[in-house]
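Values below: all heavy atoms of this structure, side chains included; hydrogens, waters and symmetry mates excluded.
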Amino acid sequence: MNVSILDDYHDTLRTLECFKKLSGHEIKIWNDHVQDVDALARRLRDTEALVLIRERTEIRAPLLHRLDKLRLISQRSVYPHIDIEACTRRGVIVSSSQHPGTPSYAAAELTWGLILAAMRQVPQQMSALKAGKWQIGVGNSLRGKTLGIYGYGRIGSVVAGYGKAFGMNVLVWARQGSLERARSDGYAVAPSKEAFFSKCDVISLHMRLVEGTRGIVTAADLARMKPTALLVNTSRAPLIEPDALVNALRAGRPGIAAVDVYETEPVRDTDHPLLTMANVVCTPHIGYVTSDEYYLQFSDIFDQILAYAAGTPIHVVNPESLASVQAGRSSLTTSLPVPGEF
């Protein structure tokens with residue numbers, strides 16, 4: 001198969017041991033980021049299997065309609081960046097392992113690193129030291145303070161454990177099923193969303209971005225936070241209402257933020273509001289970007305390609321795509337396994 005891999009910024013994937021799984025296939029790796037439909041259509045015109053690195057590139061109908069050879073999109077985790085309905089109409093299978101029971105420890109570790117860095121002003125102190133200044137302010141410790149976990153899933157539960165290890169009081173707010181799991185794990189649950197935002201000294205967001213969670217953190221929520229509080233987002237920027245975080249920081253509630261995610265990525269504008277604020281620690285969406293995490297993710301992604309090539313696709317999120325092929329796109333069936341082989 002002709003396999004294309006987008007957005008491998010540091011040409012990392014070919015260095016992974018699991019890359020050998022694709023031996024025998026024609027592989028093209030792109031190391032830059034392109035979102036322009038015309039440019040992507042030219043790059044991917046011969047692509048049969050497309051590998052995506054998380055949500056770096058959006059795959060929408062205008063692009064899909066120009067990729068007549070595309071048969072499979074292979075990736076991992078959620079897929080708000082993919083037009084699943086358009087894929088189904090085009091007979092393109094989307095395989096995406098949801099990796100149940102395997103949290104991204106890399107993302108959890110970065111979250112904790114950002115909490116420590118923001119509370120102790122690590123980036124600011126380093127910059128000052130390099131500029132010839134000695135101690136520019138007084139930081140804050142964590143022990144005895146309240147850590148709020150908004151969204152108690154695979155990553156949120158790990159971060160809660162880190163907070164407990166640091167002697168913090170952990171408070172959880174989430175949907176009902178997650179609250180019950182938090183209680184069973186021994187953590188306190190906030191009586192309301194309002195109480196959660198007003199009581200916590202650190203709040204870390206750990207939710208997937210779906211329509212039900214888009215903008216779930218409102219300007220009113222942020223205004224309830226303490227002026228000494230820290231808001232951490234290593235999940236997805238649109239969990240917060242547009243412009244709400246910047247405006248809240250300017251208003252002084254919360255007093256600090258640490259973010260790894262942005263409305264539009266990659267961020268190239270050095271005048272981006274969050275990058276210009278002294279009370280914000282920013283990283284370039286590196287929560288999952290470690291060699292260990294890449295190995296885990298791409299072992300799944302490459303296995304999905306091998307399974308498709310063998311006629312037994314796995315982790316298919318749009319099985320209706322096969323019916324679409326049978327109903328009206330016979331030109332695509334030549335290289336697709338028949339339904340009975342799935």
Residues [X], [Y]: salt bridge by 4.0 Å N-O rule:
X: Arg43; Y: Asp32; value: yes
X: Glu180; Y: Arg183; value: no
X: Arg54; Y: Asp7; value: no

Return yes when atom [atom1] of [X] has more than 12 non-hydrogen atoms of other residues, nucleotides or ligands closer than 6.0 Å, and no otherwise.
X: Lys199; atom1: NZ; result: no
X: Lys226; atom1: NZ; result: yes
X: Arg60; atom1: CZ; result: yes
X: Glu194; atom1: CD; result: yes

When you compare the side chains of [X] and [Y], does any donor N or O come within less than 3.5 Å of an acceptor on the partner?
X: Asp292; Y: Tyr105; value: no
X: Ser204; Y: His206; value: yes
X: His81; Y: Glu58; value: no
X: Ser95; Y: Gln304; value: no
X: Arg181; Y: Ser184; value: no
X: Gln75; Y: Ser96; value: yes
X: His285; Y: Asp260; value: no
X: Asn2; Y: Thr47; value: no

* Asked: Is Arg56 close enough and on-axis enough to Tyr9, meaning under 6.0 Å and within 45°, for cation-pi?
  ->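 Verdict for Tyr9: a cation-pi partner in Arg56.
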
* Does Phe166 have its ring centroid less than 6.0 Å away from the ring centroid of Trp112? ->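 Yes, close enough.
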
* Pair Tyr150 + Phe196: ring centers closer than 6.0 Å -> yes

[X]-[Y] co-clustered via ILVMFWY side chain contacts under 4.5 Å:
X: Leu110; Y: Val122; result: no
X: Val78; Y: Ile82; result: no
X: Ile314; Y: Val3; result: no

* Could I get the full list of salt bridge (Lys or Arg N to Asp or Glu O under 4.0 Å) partners for Arg14, not counting sequence neighbours? => Asp11

* Picking from Pro313, Pro319, Cys87, what satisfies side chain to side chain contact (heavy atoms under 4.5 Å, CB included) with Ile93? -> Pro313

* Structure fact -> In short, salt bridge (charged side-chain N to carboxylate O under 4.0 Å, His left out) pairs touching residues 109-132 with sequence neighbours left out are none

* **Side chain to side chain, Leu275 and Val267, heavy atoms closer than 4.5 Å** =>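 Sidechains of Val267 and Leu275: in contact.
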
* **Whether Arg214 side chain and Leu239 backbone form a donor-acceptor pair below 3.5 Å** =>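 Not confirmed, Arg214 side chain does not pair with Leu239 backbone.
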
* To do: If the plane angle is over 60° it's perpendicular, under 30° parallel, otherwise tilted; pick one for Tyr288 and Tyr294.
  => parallel

